[in-house]
Trainee: 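I have a structure I would like to understand better, so I am pasting it below and will then ask my questions one at a time.
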Amino acid sequence: TFTEVTHAAPMLSLDNVFDDDEMRQWAERTAKGLNIEIDELDVVVEPKIDGLALTVTYVNGEFIQAATRGDGRTGEDVTANVATMASVPRRLPVTSAGRIDIRGEVFMSSEDFDELNRRQAAAGEKLFANPRNTAAGSLRQKDPHATAQRPLQFLAYQMVVVDGHDELASITSHVDVLRCLEEWGFLTAPTTQHVLGQDALLAAAEWFAVHRHDLPYEIDGVVIKVDDLLDRERLGSTSRAPRWAIARKLPPEECTTALISIEVSVGRTGRATPYAVLEPVVVAGSTVSLATLHNEDQVRLKDVRPGDTVIVRKAGDVIPEIVGPVLTKGQRRQPPWEFPSQCPECHGEFVRRGEESDTYCINPACPAQTRAQIEHFASRNAMDIEGLGEQRVVQLLTEGLIRDVADLYDVQIENLAQLEGMGDLSATSLVTAIQSSRAQPLSRVLIGLGIRHVGPVAARALAQTFTTLEALRRASSDAIGAIPGVGPVIAASVVTFMEDADNRRLLDRLLAAGVKCEEPQVVSDVPATLTGKAVVVTGTLDGFSRDEAEAAVVQRGGTSPGSVSKKTFCVVVGVSPGASKVSKATELDIPIVPQERFIELLETGEIPT
């Protein structure tokens with residue numbers, strides 16, 4: 001609940017490269033843009049700290065405000081919290097009036113993080129996962145006194161003179177900026193390297209890859225910037241990222257640990273997912289004890305078995321995954337793992353459907369499915385019932401207060417208040433959140449129901465077309481399938497769901513409980529640049545969640561299906577994209593749009609060149 005702040009100038013993202021070849025391409029493109037030889041390219045190479053981006057504002061030399069990056073244009077006002085940080089000067093030694101924004105990264109050093117966890121352990125408190133998340137959470141404490149107790153630091157790397165301060169006109173390079181920031185009392189990265197030419201650039205980046213663990217803070221890459229500020233103006237920026245800078249991401253860290261066992265979890269659709277139980281190991285700054293194995297075929301392909309030593313990494317530096325086993329000659333291993341034939345929760349039969357790689361529990365009364373369905377219904381992208389997480393759902397089911405999602409609307413404060421860990425205040429807050437969810441639009445209700453194949457994009461298309469649940473229930477398969485971006489598979493799934501007797505009763509109970517199940521018709525002033533065009537989004541886009549990216553396409557009249565076909569207009573590719581989607585697009589000769597050109601695509605409706 002922090003106040004919003006609009007940045008004086010956008011805090012742009014950085015485009016990413018992942019290997020030396022991509023870095024050479026950027027260097028060649030940049031040199032060409034400056035009309036110089038590649039060996040004349042003058043750049044600065046800095047560590048890319050894994051922290052939280054921040055802008056600190058000074059007016060007439062006085063510190064007046066601090067704001068997080070947010071979406072790059074609007075951030076959160078964290079002035080009171082930043083005022084507790086000793087590494088942020090209260091006054092700048094400037095000689096004239098004006099406004100200056102100092103940008104940098106809030107972080108917690110590895111040493112301070114370890115000391116903080118030692119204090120937590122000594123006090124019997126929960127340990128923190130990693131420095132990055134701890135720094136971000138500490139900065140966003142509601143009580144500034146709580147922030148003051150955390151060893152946060154601010155590392156500055158950019159100066160934006162918003163207005164005035166003519167005496168700073170003599171600063172013409174990034175090296176000058178860093179020197180000025182140091183003189184003003186800001187912390188800057190002492191390992192920053194000023195180099196000339198492509199070979200020196202590559203060598204500097206490699207130095208950081210080798211010495212990443214020798215630095216006092218965690219880094220996830222390096223940032224390469226053109227040094228001359230006038231050259232930066234000549235190169236300019238896209239709507240999302242400067243052309244004069246690039247982030248070289250470091251390869252994901254890999255560690256080895258023992259695979260204790262392979263277990264199976266069952267989700268809301270009945271899909272059974274194998275996962276590895278690991279001897280806890282620290283990977284990329286956080287402790288990992290579980291890792292997904294996706295499906296039966298992946299376990300067989302990777303040939304990992306309980307008792308193996310396995311290689312673990314984080315896909316995209318986020319999701320733990322097993323690369324494979326570490327095998328030695330003559331090693332004795334357990335027999336290959338076999339997928340169980342029964343659900344561990346309800347002991348119902350496990351089956352594989354046709355040629356699908358996934359396995360399903362086909363018992364609709366499976367407790368695991370019921371639990372996951374309620375959690376999904378209450379999730380942020382669906383009905384957004386705050387306080388109804390996994391543990392609370394388990395508690396409500398165990399105590400017999402609910403059996404399905406419709407029962408949520410009958411829960412009473414006095415019954416909740418008797419539960420362990422609740423009390424009157426928590427019970428009142430939860431019931432209030434549940435009752436407030438009645439007003440959610442039909443699109444969110446459809447997401448929450450978890451109809452097979454119906455994701456956020458299809459749910460919005462269905463809701464905007466039929467506007468009420470009753471109209472959708474009466475719709476034929478042909479009428480549903482005719483909606484752009486829906487098609488026969490989704491249509492058949494929706495009709496099957498609506499015709500099921502148990503589902504009909506559930507929907508009737510939701511309506512009787514006062515769940516609105518209507519979609520408001522909003523007149524948008526966003527230009528319909530993508531009308532009739534199917535844009536597939538794959539991977540993680542900087543500045544957008546998957547839902548936000550797909551919603552941006554739909555808002556402009558397009559569709560964003562989950563698969564690539566001959567009708568696809570283009571495929572937008574972010575970090576860690578789905579290999580099958582990229583391969584299919586290449587096979588069908590469908591244009592691929594990198595994430596840094598996504599905004600341009602939205603604005604023009606044309607394939608960026």
Side-chain angles (χ1 to χ4, degrees), residues 265-271 343-348 360-452 454 459 463 468-470 472-473 493-494 496-519:
S265 65
V266 177
R268 61 182 175 82
T269 63
R271 187 174 70 176
C343 171
E345 292 265 357
C346 70
H347 306 294
Y360 289 86
C361 169
I362 58 174
N363 174 19
C366 174
Q369 294 181 52
T370 300
R371 182 172 63 246
Q373 287 162 3
I374 297 172
E375 291 170 18
H376 175 74
F377 185 81
S379 65
R380 182 172 297 178
N381 289 334
M383 301 300 279
D384 195 19
I385 303 175
E386 186 173 354
L388 192 59
E390 179 182 356
Q391 293 182 340
R392 192 64 69 204
V393 170
V394 170
Q395 192 177 32
L396 295 181
L397 287 168
T398 302
E399 296 296 329
L401 295 180
I402 61 172
R403 294 165 299 168
D404 56 29
V405 297
D407 283 340
L408 290 170
Y409 297 96
D410 293 327
V411 172
Q412 303 297 313
I413 294 174
E414 53 268 28
N415 294 330
L416 286 178
Q418 304 302 315
L419 300 179
E420 182 180 354
M422 287 291 285
D424 290 337
L425 186 60
S426 297
T428 301
S429 296
L430 180 54
V431 170
T432 299
I434 291 172
Q435 301 307 330
S436 297
S437 73
R438 287 180 169 134
Q440 292 287 13
L442 175 61
S443 53
R444 281 181 171 264
V445 176
L446 294 177
I447 294 170
L449 290 173
I451 303 170
R452 185 169 167 79
V454 177
T468 69
L469 179 60
E470 287 304 321
L472 178 59
R473 293 173 77 171
S493 181
V494 172
T496 299
F497 182 91
M498 296 297 174
E499 291 179 346
D500 180 85
D502 289 335
N503 291 336
R504 288 203 305 268
R505 284 190 288 271
L506 177 68
L507 295 176
D508 289 340
R509 290 169 57 213
L510 287 172
L511 289 167
V515 179
K516 194 171 183 181
C517 295
E518 297 177 2
E519 190 74 7

Trainee: Quick check: do Phe377 and Leu408 have side-chain heavy atoms less than 4.5 Å from each other?
Mentor: yes
Trainee: Roughly how far apart are Arg473 CZ and Thr468 OG1, rounded to 0.5 Å?
Mentor: 10.5 Å
Trainee: Should we say atom CZ of Arg403 is surrounded by more than 12 heavy atoms from elsewhere, each under 6.0 Å from it?
Mentor: no
Trainee: Which heavy-atom pair separates Asn381 from Ile447 by the least distance, and what is that distance?
Mentor: O-CD1, 3.7 Å
Trainee: Among residues two or more places apart or on two chains, list those pairs meeting salt bridge (charged side-chain N to carboxylate O under 4.0 Å, His left out) that have a residue in residues 382-399.
Mentor: none
Trainee: Looking at every non-hydrogen atom in both residues, tell me the closest pair between Glu345 and Cys366 and how far apart they are.
Mentor: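 It is CB-SG, 4.1 Å.
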Trainee: Which pair of heavy atoms, one from Asn363 and one from Cys346, lies closest together, and at what distance?
Mentor: ND2-SG, 3.3 Å
Trainee: Kindly determine whether Leu449 and Leu510 satisfy side chain to side chain contact (heavy atoms under 4.5 Å, CB included), including the steps that lead there.
Mentor: CA-CA 11 Å; Leu449 290 173; Leu510 287 172; 4.0 Å; yes
Trainee: Do any side-chain atoms of residues 410-420 form donor-acceptor pairs under 3.5 angstrom with protein atoms, and if so which ones, sequence neighbours left out?
Mentor:
unit_1: Gln412; atom_1: NE2; unit_2: Asp410; atom_2: O; d: 3.0

Trainee: To the nearest 0.5 Å, tell me how far Thr269 OG1 sits from Gln369 CD.
Mentor: 7.0 Å
Trainee: If we only count heavy atoms from C-beta on, is the Leu388 to Val393 side-chain gap below 4.5 Å?
Mentor: yes
Trainee: Do any N or O atoms from the side chain of Ser443 and from the backbone of Ala463 form a donor-acceptor pair under 3.5 angstrom?
Mentor: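 No, because the side chain of Ser443 does not come within donor-acceptor range (under 3.5 Å) of the backbone of Ala463.
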Trainee: What's the separation between atom CG in Asp407 and atom CG in Leu401, rounded to the nearest 0.5 Å?
Mentor: 9.5 Å
Trainee: To the nearest 0.5 Å, how far apart are CD1 in Ile385 and OG in Ser436?
Mentor: 9.5 Å
Trainee: Nearest 0.5 Å, what's the CZ-OG1 distance between Arg371 and Thr398?
Mentor: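 Arg371 CZ to Thr398 OG1: 8.5 Å, rounded to 0.5 Å.
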Trainee: Taking the side chain from Gln440 and the backbone from Met383, do they hold a donor-acceptor pair closer than 3.5 Å?
Mentor: yes
Trainee: Is it the case that atom CZ in Arg509 sees more than 12 heavy atoms from other parts of the structure closer than 6.0 Å?
Mentor: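 Yes, because the 6.0 Å sphere around CZ of Arg509 holds more than 12 heavy atoms from other groups.
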Trainee: Return all side-chain donor-acceptor pairs below 3.5 angstrom for residues 427-435, not counting sequence neighbours, or 'none' if the list is empty.
Mentor:
unit_1: Thr428; atom_1: OG1; unit_2: Asp424; atom_2: O; d: 2.8
unit_1: Ser429; atom_1: OG; unit_2: Leu425; atom_2: O; d: 3.1
unit_1: Thr432; atom_1: OG1; unit_2: Thr428; atom_2: O; d: 2.7
unit_1: Gln435; atom_1: OE1; unit_2: Arg438; atom_2: NE; d: 3.3
unit_1: Gln435; atom_1: OE1; unit_2: Arg438; atom_2: NH1; d: 2.3
unit_1: Gln435; atom_1: OE1; unit_2: Arg438; atom_2: NH2; d: 2.8

Trainee: Measure across Ala406 and Leu506 and return the closest heavy-atom pair with its distance rounded to 0.1 Å.
Mentor: CB-CD1, 3.7 Å
Trainee: Main chain of Gly421, side chain of Gln395: is a donor-acceptor contact present, judged purely on distance under 3.5 Å?
Mentor: no
Trainee: Is the closest basic N to carboxylate O distance between Asp508 and Arg505 below 4.0 Å?
Mentor: no
Trainee: At their closest point, which heavy atom of Val266 faces which heavy atom of Pro344, and how far apart are they?
Mentor: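 Result for this residue pair: CG2-CD, 4.4 Å.
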Trainee: Quick one: pull up CG in Leu396 and CD1 in Ile374 and give me the separation to the nearest 0.5 Å.
Mentor: 8.0 Å
Trainee: Under 4.5 Å between any side-chain heavy atoms of Met498 and Asn503, yes or no?
Mentor: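 No. Closest side-chain heavy atoms not under 4.5 Å.
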Trainee: Would you find a donor on one side and an acceptor on the other, under 3.5 Å apart, between the side chain of Gln373 and the backbone of Arg268?
Mentor: yes
Trainee: Is the shortest side-chain heavy-atom distance between Leu511 and Leu469 below 4.5 Å?
Mentor: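 Leu511 vs Leu469: side chains touch.
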